[in-house]
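Order of the sequence lines fixes the chain letters, A, B, ..., with proteins taken first and strands second; residue numbering starts at 1 for each chain.
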Number of protein chains: 2
Amino acid sequence: MRWAPDARGRLERAALELFSEQGFSATTVPQITSRAGLTTRTFFRYFADKREVIFGGTSIQDAASTLIAEAPANLDSAQVIRHVLASLAASHFEGQKEQMAAWRAIINSNNELRDRDARKRADLILATRTALINRGETALAATLAAEVGVLVFQVALEEWTAQPGLRSMEASIERIFAALQSGSLFR
Amino acid sequence: MRWAPDARGRLERAALELFSEQGFSATTVPQITSRAGLTTRTFFRYFADKREVIFGGTSIQDAASTLIAEAPANLDSAQVIRHVLASLAASHFEGQKEQMAAWRAIINSNNELRDRDARKRADLILATRTALINRGETALAATLAAEVGVLVFQVALEEWTAQPGLRSMEASIERIFAALQSGSLFR
DNA sequence: CATATGATGGCACTTCGTGTCATTAACGGT
DNA sequence: ACCGTTAATGACACGAAGTGCCATCATATG
């Protein structure tokens, strides 16, 4: 068999390795494909650009939209957001703290990746907003709930991966939510 | 005199014109420099990359940091944020609604520009957070105040530029703040 | 065994962005 | 008015990113 299986996975793993060894910008696409046993042209068939190889893995966005759409109809937006954050933390992050920390470290070390990461956050907000509007929320309420939900998730993720002691991400989420409510910003 | 004045301004204007005529990705740097009467090499002396020509103009970030540092010491974070948002709206946006709308339209029409725009938002959050910490806030409170402040500003800017009727941006800011407080998210 | 289909390779090409050195204008001192 | 210094610009080569197009190979299906 000439074609080894899981070409996409091989590319992702090779890229991750090289990025943590020599940094993102010092790594060229030919280096990645060479390690994965493929060619440059094939890389760009799987990933739209060099940055996407870092983000292509799991689409939080789709998961969030689905969770919102399937949430019980009697919950209000705030309850839906809390429910979705807890579900996402459990399904996509729990038990992967080491990997997530390494992943965040690579992203935060390079501005091109921070660019893309920030847009992913914006896209997640937009998708969440749309899903909330589909549940009957007004545009403004949906926008604000989506913004705040993603804000909490982002801050919690950063805290959880940065601090050695923390065990579960859900605890961080609850902590951030509580700090937001008890702060002076909304009174 | 061989060197016409305001090379940077000429490049910015030429780029803006070409971007709205043919779009961002269809415009090449040689096209921009040709219209501005300069060379490609000179373009990259003024702007780190093609995207920066859109953002390089005014640094909201520096203005915000300065405003926070100079705010009266007896204000708490929430009051500082409100004060800064109102000042920024007045000094950098008021009376420029048309330009801002055109600017936002160009950015939102291209993913590379959305990338960079989203990172600028993240950088503004970081700068605001640092300025608040320098005032004596705790890390977590500063993070949340910065996140919420930039959130309000961003949503208000988008609403203000998108809706034809609205006259002052400060009114949008107050509206967003009020909606955030009266929403169910924080109770 | 033949053929259709999908995955991969090869290659030329454009654009972006940088390193390096040459050239030109402006400025200050004498 | 002359000269040397400095800062802005030009010229050119180059590597890396990303795309279009077609060839080639493996696998499934009949």
Side-chain angles (χ1 to χ4, degrees), chain A residues 1-56 106-107 109-120, chain B residues 1-57 106-107 109-117 119-120:
Chain A
M1 137 178 51
R2 171 175 171 185
W3 294 334
D6 194 21
R8 186 187 184 97
R10 270 155 50 214
L11 287 171
E12 285 176 352
R13 282 187 293 277
L16 257 296
E17 288 171 17
L18 287 164
F19 292 164
S20 28
E21 288 169 14
Q22 0 168 308
F24 174 79
S25 57
T27 302
T28 68
V29 175
Q31 280 180 324
I32 300 170
T33 53
S34 159
R35 182 172 294 205
L38 293 165
T39 62
T40 301
R41 192 66 190 81
T42 298
F43 180 93
F44 289 107
R45 286 203 181 88
Y46 284 100
F47 308 101
D49 55 53
K50 193 176 136 190
R51 305 156 207 81
E52 271 310 288
V53 73
I54 294 280
F55 298 97
I106 292 177
I107 291 173
S109 71
N110 180 273
N111 276 335
E112 287 186 69
L113 294 176
R114 292 186 58 231
D115 276 13
R116 182 59 50 85
D117 185 56
R119 171 156 68 95
K120 295 280 180 184
Chain B
M1 139 175 49
R2 169 175 169 183
W3 294 333
D6 193 21
R8 186 188 185 96
R10 271 154 50 215
L11 288 170
E12 286 176 356
R13 282 187 293 277
L16 257 294
E17 288 170 16
L18 287 164
F19 292 165
S20 30
E21 288 169 15
Q22 5 170 303
F24 174 79
S25 57
T27 303
T28 70
V29 175
Q31 280 179 324
I32 299 170
T33 54
S34 159
R35 181 171 295 205
L38 293 166
T39 63
T40 301
R41 193 64 189 85
T42 299
F43 179 91
F44 288 108
R45 285 203 182 87
Y46 283 101
F47 307 102
D49 55 53
K50 193 175 135 190
R51 306 157 205 84
E52 276 302 303
V53 72
I54 294 279
F55 299 97
I106 292 178
I107 291 173
S109 72
N110 180 274
N111 276 335
E112 287 186 69
L113 294 176
R114 293 186 57 230
D115 275 12
R116 182 60 49 88
D117 184 55
R119 171 156 67 98
K120 294 281 180 184

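- Remark: A/Arg45 CZ to A/Arg8 CZ distance equals 14.0 Å, nearest 0.5 Å.
- Atoms CZ (B/Arg116) and P (C/dC16) sit 14 Å apart, rounded to a whole Å.
- The distance from atom CG of B/Asp6 to atom P of D/dT9 is 10 Å, rounded to the nearest whole Å.
- Note: A/Ile54 CD1 to A/Leu113 CG = 5.5 Å, rounded to the nearest 0.5 Å.
- Taking CG of B/Asp117 as the start and CG of A/Asp115 as the end, the distance is 10.0 Å to the nearest 0.5 Å.
- Salt-bridge annotation for B/Glu52 and B/Lys120: present, with a side-chain N of the basic residue lying under 4.0 Å from a carboxylate O of the acidic one.
- Within the 3.5 Å criterion, the main-chain N or O of B/Ala4 finds a donor-acceptor partner in the side chain of B/Arg10.
- With sequence neighbours left out, A/Arg13 forms a side chain to side chain donor-acceptor pair (under 3.5 Å) with A/Asp6.
- Of the residues in residues 27-51 of chain B, B/Thr27, B/Thr28, B/Val29, B/Pro30, B/Arg41, B/Phe44, B/Arg45, B/Ala48, B/Asp49, B/Lys50, B/Arg51 come within less than 4.0 Å of DNA chain C through at least one heavy atom, sorted by number.
- Scanning all heavy atoms of the two residues, the minimum distance from A/Phe43 to A/Val53 falls at CZ-CB, 4.0 Å.
- We find that B/Arg116 and B/Asp49 are joined by a salt bridge, their nearest charged nitrogen and carboxylate oxygen being less than 4.0 Å apart.
- In the region residues 17-26 of chain B, proximity to DNA chain D at under 4.0 angstrom, judged on heavy atoms, holds for none of the residues.
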